[in-house]
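Lettering follows sequence order; numbering is per chain, from 1.
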Number of protein chains: 2
Amino acid sequence: MNAPVSNLPLHQQIHQDIEQQIRSGILSPGDKIPFEHELMETYGCSRMTVNKALSRLTTSGLIERRKRAGSFVRLPKLDSTVLDIPDIEAEILARGETYGFELLHRSVHRADTPDECELAGIGGQVLFLRGLHLASGRPLVVEERLINLETVPAALTVDFTDQSPGHWLLEVVPWTQVESQISAINATDDIAAWLQGDKGMACLEVERRTWRGYERITTVTQIYDGARYSFTARFDHD
Amino acid sequence: MNAPVSNLPLHQQIHQDIEQQIRSGILSPGDKIPFEHELMETYGCSRMTVNKALSRLTTSGLIERRKRAGSFVRLPKLDSTVLDIPDIEAEILARGETYGFELLHRSVHRADTPDECELAGIGGQVLFLRGLHLASGRPLVVEERLINLETVPAALTVDFTDQSPGHWLLEVVPWTQVESQISAINATDDIAAWLQGDKGMACLEVERRTWRGYERITTVTQIYDGARYSFTARFDHD
DNA sequence: TGAACGTTAATGTATAGACATTATACTTGG
DNA sequence: CCAAGTATAATGTCTATACATTAACGTTCA
């Protein structure tokens, strides 16, 4: 009686073996991977099974395949990384602190600034909200949000006095595309007051626009207390 | 004579059709996708072809499949985005500015700080470099880099006086894993002097550690002039 | 009613074979 | 020697079939 080699399906096993060899450096960029018919022999399986494994490695960008020539390890992407821009509430709770939201300002008006028109079209209705995210009672983030009432009219009837609009939006209108911009700014008087910090302190500013299909949903600018917050990201090659 | 419906392979066509329906909102999270045998009829093809399309939608996280029940559109990930941390040289050139690198400091020593030991092991040799990335002759980024000489001994023999070590490393030892941390800091006296800015100005600080397999390659801290730089990212659902 | 059990309809995996496509390698003619 | 044409070996796609796995469904029995 033989112990089972693995409980994984064979195509996953093959995929994983090759990926492991690339990540460990046994196979370097440019190196050749065995032909499909060679892997068929090695694993004692059909070509479709090998092909499934190699196809997935191709779509995930780890290898490159050329007819007649064979399959080769690709050069890694020049440089890019996956960044989690977290749900602030979840993030604060995960730190073991208590979460709170405080609404500072709310207004409804017709789009007139370029930014508002880009969101809701000329003359479209937008909802403007400014609020604070509190960690253990202390302000950590101030956010200013525009919501497109053409696409999310329900936002008008919701009470955001102590509920984060980001969280609500995510449940009601999940986005399909996001665009983010991260920069560093010095706190203005207003920001310093809201975050209970000093004027001029370094803050992370995140501006994010979201879409559902081709319709704009919301634009949010979040300003983080730079001394108390940073983004981290871990990225495995692809 | 019929015009060809599409020149894409059928499984890609099916994949794309369904993805399009999800992104446009025709199909919402939780909605059911037709059974494989229904799609076979719709597209007049075999089950393996339909299966290939649906399997890829599964691995990319767009749909979820349950035996006996069927396939369903998944809720989008809570929040995460792909951030390009660019190759600085390429980025500056892309802006239409000229690129330059200027070495400020170079030294070789045995690892003694905790950070250096984490990189090269206790007593391992490390190469320390400090340099400026110049855009059109003006400093845009100051970087401090530690290179693990245990894994990249060749770095000792390279002249970095006007060549960016990041660029060189990428070609010689491509990484397989990266960890990044982005935060906002106020410029110290030193930083202000290097970047020819004012003390206290907001800067983006990016700390990045890279691995090849399980071996550490380098740690770099890059400080960007906050007034002249920001990261942008665009993210399509997965 | 409701808990246990067998049935069945869906997905998951794999096979063997076929033909299409294409870059490489080889051959031939100038 | 080089250019053009041809053969070939690899990947890309697709089919028809088979059996495994699993969760929903229906039925039976306490």
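- Salt bridge absent: A:E179 and A:R208 never bring a charged side-chain N and a carboxylate O closer than 4.0 Å.
- Taking atom CD1 of residue B:I63 and atom C1' of nucleotide C:dT11, one finds them 11 Å apart after rounding to whole Å.
- For the pair A:R66 and A:F72, the distance from NZ or CZ to the six-membered ring centre is under 6.0 Å and the angle to the ring normal is within 45 degrees.
- Electrostatic pairing of A:D115 and A:R209 counts as a salt bridge here, judged by a charged N lying under 4.0 Å from a carboxylate O.
- For A:F160 and A:F101, the gap between ring centers reaches or exceeds 6.0 Å.
- Residues A:I63 and A:L54 come closest through the heavy atom pair CD1-O, 3.7 Å.
- A 6.0 Å sphere centred on CZ of A:R95 holds more than 12 heavy atoms belonging to other residues, nucleotides or ligands.
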- Message: Is there a side-chain hydrogen bond (donor to acceptor under 3.5 Å, both in side chains) between A:E89 and A:H133? Walk through the geometry before answering.
- Response: CA-CA 8 Å; A:E89 176 167 353; A:H133 298 269; over 6 Å; no
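- Put simply, CG on A:L8 is 15 Å from P on C:dG12, counting in whole angstrom units.
- A cation-pi arrangement is not found for A:R212 relative to A:W175, the charged atom failing to lie both closer than 6.0 Å to the ring centre and inside a 45° cone about the ring normal.
- Within residues 45-58 of chain A, the residues approaching DNA chain C are A:C45, A:S46, A:R47, A:M48, A:T49, by heavy-atom distance under 4.0 Å.
- Nearest nucleotide to the side chain of A:R68, out of C:dA10, C:dT13, C:dA25: C:dA25.
- Non-hydrogen atoms lying under 4.0 Å from DNA chain D are contributed by nothing in residues 29-42 of chain B.
- Rounded to whole Å, atom C1' of C:dA20 lies 15 Å from atom CD of B:Q12.
- The span of DNA chain D lying next to chain A, judged by atoms under 4.0 Å from heavy atoms, is bounded 5' to 3' by D:dT8 to D:dC14.
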